[in-house]
Amino acid sequence: MDFSIPSHLSNSKASPLPSTFLSSKSQLPRFPIRHHLSFKSRNSLKKPPLISRQNFAIRAQEVSDQAVDDGFTLDDVPHLTDFLPDLPSYPNPIQKSPGYAIVKQTFVRPEDVVAQTIVVQKDSPRGVHFRRAGPREKVYFKSEDVRACIVTCGGLCPGINTVIREIVCGLHYMYGVEDILGIQGGYRGFYSKNTMALTPKVVNDIHKRGGTFLRTSRGGHDTQKIVDNIQDRGINQVYIIGGDGTQRGAARIYEEVEKRGLQVAVAGIPKTIDNDIAVIDKSFGFDTAVEEAQRAINAAHVEVESVENGVGIVKLMGRYSGFIAMFATLASRDVDCCLIPESPFYLEGKGGLFEFIEERLKENGHIVIVVAEGAGQEYVAQSMHETDEKDASGNRLLLDVGLWLTQNIKDHFTKEQKMAINMKYIDPTYMIRAIPSNASDNIYCTLLAQSAVHGAMAGFTGFTVGPVNSRHAYIPISHVSQTRTVKLTDRMWARLLASTNQPSFLNCDQSIGGKVCKDAIDLINNMKITSI
Ligand SMILES: Nc1ncnc2c1ncn2[C@@H]1O[C@H](COP(=O)(O)OP(=O)(O)OP(=O)(O)O)[C@@H](O)[C@H]1O
Ligand SMILES: O=P(O)(O)OC[C@H]1O[C@](O)(CO)[C@@H](O)[C@@H]1O
Ligand SMILES: [Mg+2]
């Protein structure tokens with residue numbers, strides 16, 4: 001095992017690091033390293049040696065006294081040697097693979113990190129950084145000893161099959177791994193279904209299909225049973241593709257694996273159609289879904305502009321986050337109003353939706369509204385029989401805001417005999433996620449899969465891979481299991497309002513809309529101003 005300090009770090013002249021990275025005394029990198037203590041078991045484990053890995057020479061505790069006050073933090077991911085300090089390493093076989101043999105810089109430099117915030121001011125602290133993803137000089141598995149498995153959990157998303165395919169091909173063609181198992185039907189598949197052998201031949205065409213080749217499910221996460229099964233089957237690399245819930249489950253698996261001291265690398269690949277995963281730039285399949293949503297919006301627009309007083313409503317996915325609706329609206333320019341879960345709205349009175357619809361109908365003869373499925377749930381609940389139904393994973397089941405909105409608009413205009421309207425309601429929710437990924441998502445999926453494979457082979461564990469400011473990084477799982485929502489105070493929402501010229505629903509004069517407006521204003525006042 002090579003725990004020595006890389007030569008370029010022990011010699012300041014040869015170091016590629018800027019001088020501020022280096023301590024004048026030791027010439028070691030002065031990175032304060034933040035480990036994820038949310039993985040509680042870390043504390044109880046034996047401390048690794050001072051210089052524990054090939055990549056970063058010293059650990060947080062030891063560098064704290066040397067750390068320069070430039071606010072640089074490495075938000076590090078765990079490594080197998082943290083709890084298996086005597087694990088041997090091997091030269092990375094990738095340098096002999098046909099693809100990489102001629103690459104100029106085959107390996108990611110150990111000190112390469114990715115900044116979480118790239119817009120900074122001259123004097124601002126350097127901030128949080130993540131390890132850059134990619135192949136490392138040393139690996140902690142012999143190819144012939146690897147027994148990998150792949151599991152997909154949660155809802156569908158374009159590109160899952162591409163990720164599966166590229167994990168299999170990446171393991172096989174880059175690292176010569178031949179033993180790869182598919183876990184079928186989500187987490188519960190670990191202990192209730194047979195596995196299937198995955199080879200490049202088996203997965204060759206699957207990226208052309210929507211859905212997941214391995215099938216999926218919600219619920220059924222039993223950490224003990226899953227890790228028992230991993231142990232019984234001799235699996236030592238686990239690739240887990242799924243959303244925020246899945247990543248929380250992956251964190252539990254990692255913790256248990258560490259507790260049992262198993263040489264098992266746990267790698268998460270973030271998947272969600274809602275784009276609600278924190279830290280990463282964007283989730284795969286999101287662009288494909290937004291593109292597919294254009295077809296529904298376009299259909300609504302064609303319908304409503306061909307009739308008198310046409311009102312088109314398109315319901316799109318987005319349980320707690322309105323990213324699909326927001327981006328589909330911005331992309332389309334046929335949408336007059338976009339309603340998302342994060343932005344409260346109201347129907348009646350001044351500044352309300354009815355008033356806006358009437359104005360647009362008078363002005364243009366038609367209107368298109370995009371509504372995210374999670375929008376306005378509290379109002380729907382007031383008029384429908386509220387239930388507290390949850391899916392198998394514990395996610396609240398949503399009431400149908402599309403039908404509710406359609407009915408309320410119809411009632412308003414017909415009952416009050418204001419004007420005869422022509423309502424067209426389109427609900428393409430599942431259609432936008434059940435398709436194969438587009439070209440750019442396919443490439444993105446390939447990068448995610450290959451980065452995950454490099455990370456696991458290099459012995460990293462308890463990590464999720466994803467792009468942060470366009471560079472792929474290894475991110476502690478606990479970060480990405482938080483739900484990201486649209487921030488009304490970010491410029492992107494302002495851009496949408498400027499594009500549609502829809503009401504912001506912040507007029508608090510009316511009694512009917514008053515509570516909702518007040519909530520919205522309170523919400524905005526309590527938000528930190530950020531920008532995109
Ligand atoms: N806190 C948790 N601990 C352990 N497992 C969890 C946790 N939350 C969710 N899971 C498991 O993760 C799997 C997927 O969760 P969920 O159905 O919420 O989908 P998701 O991964 O969030 O994807 P999406 O929301 O995009 O459909 C389920 O099998 C569920 O049991
Ligand atoms: O497949 P199901 O269980 O109907 O889930 C639908 C949900 O999954 C998502 O696509 C992803 O969380 C949501 O947008 C949607 O509410
Ligand atoms: Mg989720």
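Whatever order the structure lists them in is the order used to number ligands and atoms, beginning at 1. Here the structure is a predicted model, which is why all the values come from computation and not from measurement.
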**Student:** So, do Y379 and F345 have ring centers that fall under 6.0 Å from each other?
**Tutor:**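 Between Y379 and F345, the centre distance is under 6.0 Å.
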
**Student:** Any atoms of ligand 1 less than 4.0 Å from a non-hydrogen atom of T272? List them with their elements.
**Tutor:**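 In order of number, 26 (O).
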
**Student:** Do the side chains of I160 and K271 get nearer than 4.5 Å, heavy atoms only?
**Tutor:**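 SC-SC contact between K271 and I160 confirmed.
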
**Student:** Is any side-chain heavy atom of V335 closer than 4.5 Å to a side-chain heavy atom of I369?
**Tutor:**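 Not touching, per the 4.5 Å side-chain cut-off.
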
**Student:** Does R131 qualify as a cation-pi partner of F463, given the criterion of NZ or CZ under 6.0 Å from the six-membered ring centre and within 45 degrees of its axis?
**Tutor:**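 Not satisfied by the 6.0 Å and 45° rule.
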
**Student:** Which protein heavy atom lies closest to atom 22 (O) of ligand 1, and at what distance to 0.1 Å?
**Tutor:**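 Checked against all protein heavy atoms, atom 22 (O) of ligand 1 sits closest to D244 OD1, 2.5 Å.
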
**Student:** Got T195 and Q184 here, is their nearest side-chain heavy-atom distance under 4.5 Å?
**Tutor:**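 No, every pair of side-chain atoms sits at 4.5 Å or beyond.
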
**Student:** Would G243 count as a polar contact of ligand 1, with the cut-off being nitrogen or oxygen pairs under 3.5 Å?
**Tutor:**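 Checking ligand 1 against G243, an N or O pair does fall under 3.5 Å apart.
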
**Student:** Could you check whether Y175 and F141 have their ring centres less than 6.0 Å apart?
**Tutor:**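 That pair fails the under 6.0 Å test.
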
**Student:** Would E373 count as being in polar contact with ligand 2, using the rule that some N or O on each side must be under 3.5 angstrom apart?
**Tutor:**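 Between E373 and ligand 2 (N or O atoms, distance only) the closest approach is under 3.5 Å.
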
**Student:** Just to check, does K271 reach to within less than 4.0 Å of ligand 1 when the distance is taken from its heavy atoms?
**Tutor:**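 For ligand 1, residue contact (heavy atoms, under 4.0 Å) with K271 is present.
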
**Student:** Measuring from non-hydrogen atoms of D391 to any atom of ligand 2, is the shortest distance under 4.0 Å?
**Tutor:**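 D391 does not count as a contact of ligand 2 under the 4.0 Å cut-off.
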
**Student:** Do any nitrogen or oxygen atoms of G155 lie less than 3.5 angstrom from nitrogen or oxygen atoms of ligand 1?
**Tutor:**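 For ligand 1, there is an N or O atom that lies under 3.5 Å from one belonging to G155.
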
**Student:** Is there a nitrogen or oxygen of D391 sitting under 3.5 Å from a nitrogen or oxygen of ligand 1?
**Tutor:**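 Among all N and O atoms of D391, none is under 3.5 Å from an N or O of ligand 1.
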
**Student:** Quick check on contacts: which atoms of ligand 2 are under 4.0 angstrom from a heavy atom of M317?
**Tutor:**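 Within the 4.0 Å cut-off of M317, ligand 2 contributes 10 (O), 14 (O).
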
**Student:** Under 3.5 Å between any N/O of T272 and any N/O of ligand 2: does that happen in this structure?
**Tutor:**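 Looking only at distances, the answer is no, because the N/O contact criterion of under 3.5 Å is not met.
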
**Student:** Of the listed options (D244, D274, D276, T216), which comes nearest to atom 11 (C) of ligand 2 when hydrogens are ignored and any heavy atom counts?
**Tutor:**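 Among D244, D274, D276, T216, the closest heavy atom to atom 11 (C) of ligand 2 comes from D274.
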
**Student:** Any salt bridge between E255 and K259, counting N to O under 4.0 Å?
**Tutor:**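 Looking at K259 together with E255, the answer is no, because their closest N to O distance does not fall below 4.0 Å.
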
**Student:** Can an N or O of R252 be found at a distance shorter than 3.5 Å from an N or O of ligand 1?
**Tutor:**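 No; the residue has no nitrogen or oxygen that sits under 3.5 Å from a nitrogen or oxygen of the ligand.
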
**Student:** For G318, counting its heavy atoms only, list the atoms of ligand 2 lying under 4.0 Å from any of them.
**Tutor:**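 Selected atoms, number and element: 14 (O).
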
**Student:** Around N194, counting heavy atoms of other residues, nucleotides and ligands shown, do more than 12 lie under 6.0 Å from its CG?
**Tutor:**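 For N194, atom CG is not crowded (no more than 12 foreign heavy atoms under 6.0 Å).
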
**Student:** Using heavy-atom distances, let me know which of G245, A250, G219, G220 sits nearest atom 29 (O) of ligand 1.
**Tutor:**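 Among G245, A250, G219, G220, the closest heavy atom to atom 29 (O) of ligand 1 belongs to G219.
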
**Student:** At less than 4.0 angstrom from any non-hydrogen atom of Y430, what atoms of ligand 2 do you find?
**Tutor:**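 Once the distances to Y430 are compared, the set is 1 (O), 2 (P), 4 (O).
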
**Student:** Among all protein heavy atoms, pick out the one at the shortest distance from atom 14 (C) of ligand 1; state its residue, atom name and that distance to 0.1 Å.
**Tutor:**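 Nearest neighbour among protein heavy atoms for atom 14 (C) of ligand 1, to 0.1 Å: T246 OG1, 3.3 Å.
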
**Student:** Would you say Y187 has any N or O atom under 3.5 Å from an N or O of ligand 1, going by distance alone?
**Tutor:**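 In this structure, Y187 places no N or O atom under 3.5 Å from an N or O of ligand 1.
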
**Student:** Kindly confirm whether the Mg ion (ligand 3) is within less than 2.8 Å of some N/O/S atom in D244?
**Tutor:**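 Yes - counting backbone and side chain alike, D244 has an N, O or S atom under 2.8 Å.
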
**Student:** Are R260 and Q231 side-chain neighbours, meaning at least one heavy-atom pair lies under 4.5 Å?
**Tutor:**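 Result yes, sub-4.5 Å side-chain heavy-atom pair found.
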
**Student:** Answer with side chain, backbone, both or neither: which part of N395 has a heavy atom less than 4.0 angstrom from an atom of ligand 1?
**Tutor:**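 Within the 4.0 Å criterion, N395 contacts ligand 1 through side-chain atoms alone.
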
**Student:** For the aromatic rings, using the six-membered ring if either is Trp, is the centroid distance between H454 and F460 under 6.0 Å?
**Tutor:**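 No.
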
